[in-house]
Amino acid sequence: MGSDIVVKRAICTMCPHGCGLLVHLRGQEVVRASGNPNSPDGKGFICVKGQAAPQLHVHPDRINYPLKRVGNRGEGNWERVTWERALDEIAGKLGETKQKYGPEAVAVIGGTVREPGDWAFWRWCNLFGTPNFINQGRNCGTADFMSECAVYGYHTSRGVPVPGVTKCMLVWGWNPANSGQPAYNAIMEAKRRGMKLVVIDPRFCETAAKADIWLQIRPGSDGALALGMLNVIINEGLYDKEFVRDWCLGFDEIRAYVQEFTPEKVERTTWVPADRI
């Protein structure tokens, strides 16, 4: 490394994990990005998206300033305007739309989940009065977020194990070795300290290779496997009876519903052997 290179600590925002990066600078030029070994999350890991961050930073098509269309839609002509003008014009148009058509005439659309920014969007929609907020992250995660908050807590289905405390972890259709290195680090440390790992995935992926039990499910049959597991859990009394008694509604209905999903029947649908279920 040349003496003219300066290294700055940063956080990667290419996905929600927020791994620590070391950004190598030559003056104002970003030379490259590497993993920060002192980061509590990534612990030195950097994926291909993080490695590509310098190219994204200087890409000629990157939008760094507010641009307003000049001419007709589709002509691709734009002029740069100030932030103040952009914000004033956008706020004015939003106000006019709300007054004329109501708040539900406005929708917010975005890409993958970016944590703080997403919640700011959600709050803005709440204050503006529109329920029309959708993006890839909401498609992917909102259903389980809502279910968790309503039933048993926040962000547990995607939580990471606590080494020395968590006794068993079920990883279903996820390969954190490739797409969640901070979580994978915690999983591997917990496994070294005695945690059992169960992986449900059609592929023998990197995480499945580390599993104590790998269930190679038929693609698209996840719901049937879940119902078969509930059949066993309920009929063998493997659930927390006090929790169900004090906090659950509709348990008798789900007990009745899962009776037809015997392990033997589910095996025919999922290709997972009944004794493994």
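Each residue takes its place number in the sequence, starting with 1.
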Fill in the blank from the handout: Rounded to the nearest 0.5 angstrom, the CD1-CZ distance for Ile109 and Phe121 is 11.5 Å
Exercise for the section: Salt-bridge test for Glu260 and Arg255: reply yes if a basic N is under 4.0 Å from a carboxylate O, no otherwise. Expected result: no
Exercise for the section: Check Cys125 against Phe133 and note the closest heavy-atom contact, atom names and distance. Expected result: SG-CB, 3.8 Å
Handout entry: Considering all heavy atoms, the nearest Pro161-Thr166 contact
Key = CA-OG1, 3.5 Å
Practice task
Quick one: do Asn235 and Gln259 satisfy side chain to side chain donor-acceptor pair (under 3.5 Å)? Show the steps, please.
Solution key: CA-CA 8 Å; Asn235 290 334; Gln259 292 309 307; 3.0 Å; yes
Practice task
Before giving the answer on side chain to side chain contact (heavy atoms under 4.5 Å, CB included), spell out for His24 and Ser34 the whole-Å C-alpha distance, their side-chain angles and the decisive distance to 0.1 Å.
Solution key: CA-CA 8 Å; His24 302 252; Ser34 60; 2.9 Å; yes
Practice task
With the side chain counted from C-beta on, respond yes when Leu25 and Val31 share a heavy-atom pair under 4.5 Å apart, and no when they do not.
Solution key: no
Problem - Chi angles and distances behind the side chain to side chain contact (heavy atoms under 4.5 Å, CB included) call for Arg203, Asn175 - result: CA-CA 10 Å; Arg203 309 158 302 157; Asn175 184 21; 3.9 Å; yes
Handout entry: hydrophobic_cluster_shared for Leu230 and Val266, side chain cutoff 4.5 Å
Key = yes
Handout entry: Ser39 (side chain) donor-acceptor with Asn36 (main chain) under 3.5 angstrom
Key = no
Problem - Note: Arg268-Glu264 ion pair, threshold 4.0 Å (strictly below) - result: no
Exercise for the section: Determine yes or no for a side-chain-to-main-chain donor-acceptor pair under 3.5 angstrom, with Gln99 supplying the side chain and Glu96 the backbone. Expected result: no
Handout entry: His57 NE2 to Asn64 CG distance, which is reported to the nearest 0.5 Å
Key = 8.0 Å
Practice task
Please assess Asn178 against Glu206 for the test side chain to side chain contact (heavy atoms under 4.5 Å, CB included), listing each intermediate value before the final yes or no.
Solution key: CA-CA 8 Å; Asn178 276 346; Glu206 291 89 342; 3.5 Å; yes
Practice task
Determine, using the 4.5 Å side-chain heavy-atom cutoff (strictly less than), whether Ile234 and Leu238 are members of one ILVMFWY cluster.
Solution key: yes
Practice task
Spell out, as yes or no, whether a donor-acceptor pair under 3.5 Å connects the side chain of Asn77 to the backbone of Gly71.
Solution key: no
Handout entry: Shortest non-hydrogen separation from Phe128 to Pro103 and the atoms involved
Key = O-CB, 3.3 Å
Problem - Joint cluster assignment, Ile46 & Ile5, ILVMFWY side-chain distance < 4.5 Å - result: no
Practice task
Determine yes or no for a side-chain-to-main-chain donor-acceptor pair under 3.5 angstrom, with Asn132 supplying the side chain and Glu104 the backbone.
Solution key: yes
Handout entry: Side chain proximity check, Lys8 to Leu22, heavy atoms < 4.5 angstrom
Key = no
Practice task
Report yes or no: does Asp4 contribute a side-chain atom to a donor-acceptor pair with the main-chain N or O of Arg26 at less than 3.5 Å?
Solution key: no
Exercise for the section: Nearest 0.5 Å please: distance from the NZ atom of Lys49 over to the OG1 atom of Thr13. Expected result: 10.5 Å
Completion exercise
From the list Leu170, Val272, Ile277, side chain to side chain contact (heavy atoms under 4.5 Å, CB included) with Leu215 holds only for Val272
Handout entry: Heavy-atom pair of closest approach, residues Pro176 and Tyr184
Key = O-CB, 3.6 Å
Handout entry: Test of ring centre spacing under 6.0 Å for Phe251 and Tyr239
Key = yes
Problem - Enclosure of Leu249 CG (heavy-atom neighbours >12, cutoff 6.0 Å) - result: no
Handout entry: Exceeds 12 heavy-atom contacts within 6.0 angstrom, atom OH of Tyr101
Key = no
Fill in the blank from the handout: Nearest heavy-atom contact between Thr269 and Ser221 is O-CB, 3.8 Å
Handout entry: ILVMFWY network linking Leu87 to Trp124, side-chain heavy atoms under 4.5 angstrom
Key = no
Practice task
Could you walk me through whether Leu197 and Ile187 pass the side chain to side chain contact (heavy atoms under 4.5 Å, CB included) test, one step at a time?
Solution key: CA-CA 8 Å; Leu197 177 62; Ile187 291 171; 4.1 Å; yes
Handout entry: Close side-chain approach of Met195 to Pro163, heavy-atom, < 4.5 Å
Key = no
Handout entry: Hydrophobic cluster identity match, Val6 and Val30, side-chain contacts under 4.5 Å
Key = no
Handout entry: Test item: Trp172 and Leu225 side chains (from C-beta on) under 4.5 Å apart, heavy atoms
Key = yes
Exercise for the section: Name the orientation class of the two ring planes belonging to Phe261 and Tyr257 (parallel below 30°, tilted from 30 to 60°, perpendicular beyond 60°). Expected result: tilted
Practice task
May I ask you to decide whether Arg276 forms a salt bridge with Glu267, counting only side-chain N to carboxylate O separations under 4.0 Å?
Solution key: no
Exercise for the section: Would you kindly say whether Asp201 and Gln216 are connected by a side-chain donor-acceptor distance under 3.5 Å? Expected result: no
Practice task
Check whether any side-chain heavy atom of Lys68 lies under 4.5 Å from a side-chain heavy atom of Arg80, and answer yes or no.
Solution key: no
Practice task
Take Arg69 and Glu89 through the test salt bridge (Lys or Arg N to Asp or Glu O under 4.0 Å) and record every step on the way to the result.
Solution key: CA-CA 13 Å; Arg69 188 177 72 240; Glu89 290 191 13; over 6 Å; no
Handout entry: Under 3.5 Å: donor-acceptor pair, side chain of Thr262, backbone of Lys265
Key = yes
Exercise for the section: Check the surroundings of atom CD in Glu79: do more than 12 heavy atoms from other residues, nucleotides or ligands lie under 6.0 Å from it? Expected result: yes
Handout entry: Residues Glu189, Arg192: salt bridge by 4.0 Å N-O rule
Key = yes
Problem - Pro182 side chain reached by Cys19 side chain, heavy atoms, under 4.5 Å - result: yes
Handout entry: Lys191 side chain reached by Asp212 side chain, heavy atoms, under 4.5 Å
Key = yes
Completion exercise
Rounded to the nearest 0.5 Å, the OG1 atom of Thr130 sits from the CG atom of Leu94 at a distance of 10.5 Å
Fill in the blank from the handout: In this structure, CG of Asp222 is separated from CD1 of Ile217 (nearest 0.5 Å) by 4.0 Å
Practice task
Could you tell me whether Arg85 atom CZ has more than 12 heavy atoms of other residues or ligands within 6.0 Å of it?
Solution key: yes
Practice task
Return the minimal non-hydrogen interatomic distance between Pro54 and Ala33, and the atom names on each side.
Solution key: CG-N, 3.8 Å
Handout entry: Lys210 NZ to Thr207 OG1 distance, which is reported to the nearest 0.5 Å
Key = 9.5 Å
Practice task
Would you indicate whether the side-chain heavy atoms of Thr82 and Pro66 approach each other to under 4.5 Å?
Solution key: no
